[in-house]
Protein chains: 2
Amino acid sequence: MSRASDHAYAEIRSLILSGDAPPGSPLREEQLADLCGVSRTPVRDALRRLEAELYVVRSESQRTFVADWSREDVEEMFALRAMLEAHAARRAAERMTDDRLAELQSCNRAIETAVSKAKPDVVAFLNRNREFHGSIIEGASSPRLLATLATLVEQPIVRRTAMHYGREELEQSASEHRELLKAFAARDGEWAHAVMTGHIRRAFHAFTARSDQESEAR
Amino acid sequence: MSRASDHAYAEIRSLILSGDAPPGSPLREEQLADLCGVSRTPVRDALRRLEAELYVVRSESQRTFVADWSREDVEEMFALRAMLEAHAARRAAERMTDDRLAELQSCNRAIETAVSKAKPDVVAFLNRNREFHGSIIEGASSPRLLATLATLVEQPIVRRTAMHYGREELEQSASEHRELLKAFAARDGEWAHAVMTGHIRRAFHAFTARSDQESEAR
DNA sequence: GAGAGATGTAATGTATACAAAATGGAAGCG
DNA sequence: CGCTTCCATTTTGTATACATTACATCTCTC
């Protein structure tokens, strides 16, 4: 897409992900326009995209706010993600090519490298992890599914989960990916489905445990 | 939402659903603006919404076209819908209130009335059917799920499926709804899940059979 | 003093003009 | 004769000004 609109999208998204614009805080078009150095038109465009991707919500009076996810929302999001990604994993296993398998293996090696460092490289983990899951969805060869998933997988919550991962959880994640690769190598759809379900469910509980811990700290 | 933007949305959507703008045909902003009697700004807004709801697609050069669903796309859409609505049905059954149950029963009575007429009232069927499914999704009490589903359920394909239903298929659909109501009355999540899965799968096969038939006719 | 209504302020919605980009066709070249 | 390149035209992107709507505060009445 065009420059100004893309720039506004990236800028606002990063505001949200960094926490500079915390959940529930209002987003005024003119303020964002000034911040990005563009006019309101591309900002409105960016906000629409962010709304479709559930980063922001609009009140009935059309004011925009950073999305605030309740515990139930998060639970439901993980449940949906588990269903959808497990479905994608099954389809991907049934359609697995040698090329894609090699790509996935190489991707997970990069994840393991990022994790095994003295100070785990969480940003690299996140990027490679997204690449890994994205490649599986691609391998399911259903573009509509892909579009639907992309809006769920790329949620702030997911990123925050991993941002707070400890080494143990990061290694667990990479190990689950290895299991998934075995299922793919065997072209076993049911196996891949089951492993992916477990992978997402574990991530859910890691998130819940972490946020309970944070609540206590307060 | 505001008047002009809403109007443009409704107008363009109806262009697509009616078939006046067939799949693959280009949608030019200025032309649509003239048609709706508004400026390009609200038209752009409407197109963005329609894009998020998969009614239209944008080429890499940002031109907009009416979405063209391949057979695989349709198959995948139904598979996702089955998963998601069955999930919603399970949750709804587990949370079913007497009020909602009564509402659903009344809704399905309206469907049966529409179906049993000498000349089945397909438009009424469609509206009530959407109400029925919408109420179930609401009863699942997970707003994010609802938003995701709405984009899938309201697809042109779904509408066209029913538009081509014969009396037998319409009655079958109403009868499946009755079965679903029994599962809800029993607050049996698993039962509701199973019935809903069958309901959507049958709709899928009704659609495939119908479109195969149309292909032959050509 | 409390509540309802009005009014000013601040936000979003819309229209229009201009800028940039892409497409398609024509002309020139091999 | 086919291909490429360039230019005209069409289409979308952006900025800005103005209109409209929502919100908050203030005042007036009970």
Side-chain angles (χ1 to χ4, degrees), chain A residues 1-16 19-68 143 147 150-151 156, chain B residues 1-16 20-68 143 147 150-151:
Chain A
M1 180 163 292
S2 56
R3 207 178 80 262
S5 169
D6 265 348
H7 176 235
Y9 172 83
E11 192 101 359
I12 299 168
R13 187 167 170 277
S14 118
L15 264 184
I16 296 172
D20 287 347
S25 59
L27 296 171
R28 289 182 305 110
E29 293 177 359
E30 201 167 348
Q31 168 193 311
L32 295 170
D34 289 349
L35 183 75
C36 303
V38 299
S39 83
R40 274 178 54 209
T41 312
V43 168
R44 288 174 63 82
D45 221 65
L47 286 177
R48 281 261 184 257
R49 276 199 276 169
L50 291 163
E51 186 190 359
E53 294 169 11
L54 307 183
Y55 283 100
V56 307
V57 294
R58 295 170 83 98
S59 73
E60 50 184 282
S61 62
Q62 302 304 102
R63 279 178 159 72
T64 309
F65 302 86
V66 178
D68 194 1
T151 68
Chain B
M1 179 163 290
S2 54
R3 207 177 79 260
S5 170
D6 265 349
H7 177 235
Y9 172 84
E11 192 101 358
I12 299 168
R13 186 166 170 276
S14 116
L15 264 184
I16 297 171
D20 287 346
S25 60
L27 295 171
R28 289 182 301 109
E29 294 176 359
E30 200 167 349
Q31 168 193 311
L32 295 170
D34 288 350
L35 182 75
C36 303
V38 298
S39 83
R40 275 178 52 213
T41 314
V43 167
R44 288 174 63 80
D45 221 64
L47 286 177
R48 276 276 141 69
R49 275 199 276 169
L50 290 163
E51 186 191 0
E53 293 168 10
L54 307 182
Y55 283 100
V56 307
V57 295
R58 295 170 82 97
S59 73
E60 49 184 281
S61 63
Q62 303 302 104
R63 276 177 162 71
T64 310
F65 301 87
V66 178
D68 194 0
T151 68

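The sequence lines fix the lettering, A, B, ..., with proteins before strands; numbering per chain opens at 1.
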>> Within the supplied structure, the quantity of interest is the number of heavy atoms (other residues, nucleotides, ligands) at a distance under 6.0 Å from B:Gln31 CD; does it exceed 12?
In response: yes

>> Rounded to whole Å, please give me the gap between CD in A:Glu60 and P in D:dT21.
In response: 16 Å

> When you check the phosphate oxygens OP1 and OP2 of D:dA22, does a side-chain N or O of A:Arg58 lie under 4.0 Å from one of them?
Replying inline: no

> B:Gln62 side chain N/O closer than 4.0 Å to the phosphate oxygens (OP1, OP2) of D:dG13?
Replying inline: yes

> Just checking B:Arg63: base, sugar-phosphate only, or nothing, at a heavy-atom cut-off of under 4.0 Å?
Replying inline: sugar-phosphate

> Under 4.0 Å between a side-chain N/O of A:Arg44 and OP1 or OP2 of C:dG13, yes or no?
Replying inline: yes

>> Rounded to whole Å, how long is the line connecting atom CD of B:Glu29 with atom P of C:dA19?
In response: 19 Å

>> From CG of A:Asp6 over to C1' of C:dA20, roughly how many Å is that when rounded to an integer?
In response: 15 Å

> OP1, OP2 of D:dA15 versus side-chain N and O of A:Ser39: anything below 4.0 Å?
Replying inline: yes

> Once you round it to whole Å, what is the distance between C1' of D:dG13 and OH of A:Tyr9?
Replying inline: 19 Å

> Just checking A:Ser61: base, sugar-phosphate only, or nothing, at a heavy-atom cut-off of under 4.0 Å?
Replying inline: sugar-phosphate

> What is the distance from CG of B:Asp34 to P of C:dT16, rounded to the nearest Å?
Replying inline: 11 Å

>> Could you tell me how far apart B:Arg40 (CZ) and D:dT12 (P) are, to the nearest whole angstrom?
In response: 7 Å

>> Within the 4.5 Å heavy-atom criterion, are B:Asp45 and A:Arg44 side-chain neighbours or not?
In response: yes

>> Can you tell me which nucleotide in C:dA17, D:dA15, C:dT12 comes closest to the side chain of A:Arg28?
In response: C:dT12

> How long is the span from the CD1 atom in B:Ile16 to the CG atom in B:Leu50, to the nearest 0.5 Å?
Replying inline: 5.5 Å

>> Rounded at 0.5 Å granularity, tell me how far OG1 in A:Thr41 sits from CD in A:Glu29.
In response: 9.0 Å

>> Between P on D:dT14 and CZ on B:Arg48, what's the gap in Å once rounded to a whole number?
In response: 9 Å

> To the nearest Å, how far apart are B:Arg3 CZ and D:dT20 P?
Replying inline: 9 Å

> When all nucleic acid strands are considered with a 4.0 Å heavy-atom cut-off, which category describes A:Leu27: base, sugar-phosphate, or nothing?
Replying inline: sugar-phosphate

> Are B:Arg49 and A:Glu51 close enough that some pair of their side-chain heavy atoms sits under 4.5 Å apart?
Replying inline: no

> Taking for each residue the nucleotide of DNA chain C bearing the nearest heavy atom, is the 5' side occupied by A:Thr41 or by A:Thr64?
Replying inline: A:Thr64

